[in-house]
Engineer: 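The structure that follows is given in the form of structure tokens.
Order of listing sets the numbers, starting from 1, for every ligand and every atom in it. Computed from a predicted structure; not experimentally measured.
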Amino acid sequence: MSASQGRTVADGTDPIHHRIDAALHRLASYGGDLVGHANRIGAILWSPPRIVVVGRLKAGKSTLVNALIGAPVAETAALEATSVVTVYENGAPSRAEVVTIDGSRRAVPLTFGATADLGVSESEVAYVHRHLPSQALTRITLVDTPGLATLTVANAAATERALIDGFEQTRSASVDADAAVFLFDSMPRADEISFLQRLGFTPLNTLGVLSRADGFGRGVLGRRDPIGHAVEHAGVLSRRLADVVGAVIPVAGLLAQTAHTGAFTENDARDLAALVPFAPLELFDLLDAGDGALPVPRDRVFRLIDLVGEYGLVHGRGPARGGAHQVNQWLTAASGIDPLRAVLDRSLRRFAVLHRAGRIVAELDALAYTHPARDGIRQIVSELKTDPALVQVGLLRSLRSLLETDPSAPAVTELTQLLRGATVAESLGADPSAPPEQLRAMAQDRLVSVQAQTLSTRSAAEDAALVSLTQAYTSIVRTWN
Ligand SMILES: Nc1nc2c(ncn2[C@@H]2O[C@H](COP(=O)(O)OP(=O)(O)OP(=O)(O)O)[C@@H](O)[C@H]2O)c(=O)[nH]1
Ligand SMILES: [Mg+2]
């Protein structure tokens with residue numbers, strides 16, 4: 001592992017992409033149907049990683065997707081539920097296709113809401129694939145899902161069918177997500193956590209979002225500021241859910257959606273500013289008292305609540321005196337969307353890219369079993385698996401299978417630390433100023449200890465983990481030889 005290897009997972013210049021791309025060119029050079037396989041896998045490699053947004057009914061998933069995309073494309077409503085899985089991918093022209101569980105695709109009109117006619121029964125739909133030109137979608141593809149709830153078994157089934165391989169023992173079309181954003185507005189329930197575990201991600205590529213932060217606790221009329229309270233609670237949840245998510249970030253998606261979709265007008269700002277003279281409790285009392293009690297008609301106050309929530313109605317009044325632009329700036333800051341975007345774009349995306357590379361290696365592995373040209377393919381896969389540029393891909397694959405089969409194995413912590421580190425020193429848990437020779441000695445020690453453990457493994461997954469650890473430490477040792 002070189003000091004920079006795997007740290008700049010990003011665009012076409014990333015070494016992981018280059019190595020896999022070269023492997024796919026070799027695959028295609030065998031000709032025949034392998035050209036098609038290479039192209040199919042190459043399309044996965046060169047498209048942005050897919051991040052799926054999951055969580056219980058009405059957690060605010062679609063609102064957050066809109067906020068991140070910066071356009072009101074995902075259906076949100078107080079009553080209507082999202083009923084199909086929808087993939088939002090950058091691309092022109094703007095269009096939508098429905099993908100059925102047998103894998104076939106057909107175009108659907110763009111005017112659809114989630115409940116519009118897709119031309120097939122919902123139980124036949126794997127997902128809707130929506131392309132739209134969006135700067136926000138150039139580095140990640142977002143996947144919105146129907147909410148999980150025991151009351152809506154059909155919706156939960158739609159999400160599972162599209163996301164979990166082998167669900168219902170059928171090999172159905174699947175969206176192949178690479179990372180998850182898990183939304184909850186208090187403590188997640190046990191069934192939500194077990195769903196998440198069945199998605200087959202690690203905590204490194206699962207991010208927790210404490211949603212609707214603007215209404216947290218007792219809301220805007222409570223003694224505590226809901227957003228501050230949510231920040232504190234997110235810290236508690238991060239520690240409590242460390243086995244499931246890498247971090248928990250509080251977000252008020254509604255505030256971000258309004259700020260980023262241009263929905264808030266100068267007229268709205270004038271209405272909001274006209275409410276400045278009232279104390280918060282008085283404001284809601286007068287709103288209940290009927291038309292004429294407030295200087296703004298009730299329907300327009302309700303419009304404001306739809307746009308900025310009760311929290312925005314109370315705290316957005318000051319910024320509203322400076323016009324819609326100031327309100328939008330305030331909404332953005334209060335929503336917590338920028339810190340979320342930063343985590344999505346850096347750590348979550350980084351692990352999503354590693355996860356996807358692992359999926360590609362697994363596809364090649366499968367091909368090596370079934371294809372007549374198996375010897376050549378096996379050679380390609382084996383070179384990829386031992387390539388020092390792909391060390392982290394192997395570490396993440398090992399972590400995944402260990403979490404599935406033997407989550408209490410000691411290697412889990414070690415794999416996680418190696419993957420989490422942004423530098424070699426961090427990966428080894430060393431002092432940031434440690435000189436190279438010290439890092440090398442530490443890696444050498446770990447190598448000895450990993451080799452000692454190979455005598456007493458409990459499972460095939462643990463064996464594989466020790467192979468990955470050996471590769472990782474070996475490449476650190478080599479870097480400074
Ligand atoms: N106050 C407040 N309301 C929110 C927030 N996010 C979403 N909502 C509201 O909650 C309701 C549900 O939001 P959606 O985004 O549709 O939730 P969802 O998780 O996609 O719901 P399903 O698809 O039905 O599972 C809508 O009325 C939103 O306006 C938020 O951050 N703050
Ligand atoms: Mg929804």
Engineer: Consider ligand 1: state whether an atom of it lies below 4.0 angstrom from any non-hydrogen atom of Gly309.
Structural biologist: no
Engineer: State, to 0.1 Å, how close Met187 and Arg56 come at their nearest heavy-atom pair, and which atoms those are.
Structural biologist: O-NH2, 3.5 Å
Engineer: So between Thr63, Asp185, Val209, whose heavy atom ends up nearest atom 6 (N) of ligand 1?
Structural biologist: Thr63
Engineer: Is there a polar contact, in the sense of an N or O pair closer than 3.5 Å, between Thr145 and ligand 1?
Structural biologist: no
Engineer: Does the Asp291 side chain pair with the main chain of Arg298, one donor and one acceptor, at a distance under 3.5 Å?
Structural biologist: yes
Engineer: Does the N or O separation between Leu255 and ligand 1 drop below 3.5 Å for any pair?
Structural biologist: no
Engineer: For ligand 1, which atoms sit closer than 4.0 Å to a heavy atom of Leu57?
Structural biologist: 24 (O), 25 (O)
Engineer: Among all residues two or more places apart in sequence or in another chain, which pass the side-chain hydrogen bond (donor to acceptor under 3.5 Å, both in side chains) test with Asp214?
Structural biologist: none
Engineer: Would you say Leu331 and Ile337 make side-chain contact, with heavy atoms under 4.5 Å?
Structural biologist: no
Engineer: Please determine if Asp176 and Arg50 form a salt bridge, counting it only when a charged side-chain N lies under 4.0 Å from a carboxylate O.
Structural biologist: no
Engineer: Below a 4.0 angstrom heavy-atom separation, can you tell me which part of Asp214, side chain or backbone, both or neither, approaches ligand 1?
Structural biologist: side chain
Engineer: Counting only pairs under 3.5 Å, give me each side-chain donor-acceptor contact of residues 303-315, with atom names and distances, residues two or more places apart or in other chains.
Structural biologist:
| from | atom 1 | to | atom 2 | distance (Å) |
| --- | --- | --- | --- | --- |
| Arg303 | NE | Asp268 | OD1 | 2.8 |
| Arg303 | NE | Asp268 | OD2 | 3.4 |
| Arg303 | NH2 | Ala263 | O | 3.2 |
| Arg303 | NH2 | Asp268 | OD2 | 2.7 |
| Tyr311 | OH | Asp225 | OD1 | 2.8 |

Engineer: Is the closest heavy-atom distance from Ala252 to ligand 1 below 4.0 Å?
Structural biologist: yes
Engineer: Which heavy atom of Leu415 sits nearest a heavy atom of Ala465, and at what distance?
Structural biologist: CD1-CB, 4.0 Å
Engineer: Numbering the atoms of ligand 1 from 1, which are under 4.0 Å from a heavy atom of Ala59?
Structural biologist: 19 (O)
Engineer: Closer than 4.0 Å to some heavy atom of Gly253 - which atoms of ligand 1 meet that?
Structural biologist: 31 (O)
Engineer: Near Gly147, which atoms of ligand 1 are under 4.0 Å from a heavy atom of that residue?
Structural biologist: 25 (O)
Engineer: Can an N or O of Gly60 be found at a distance shorter than 3.5 Å from an N or O of ligand 1?
Structural biologist: yes
Engineer: Within the structure provided, determine whether Glu462 and Leu402 are in side-chain contact (heavy-atom separation under 4.5 Å).
Structural biologist: yes
Engineer: Suppose we only count N/O/S atoms under 2.8 Å; would Ser62 qualify as near the Mg ion (ligand 2)?
Structural biologist: yes
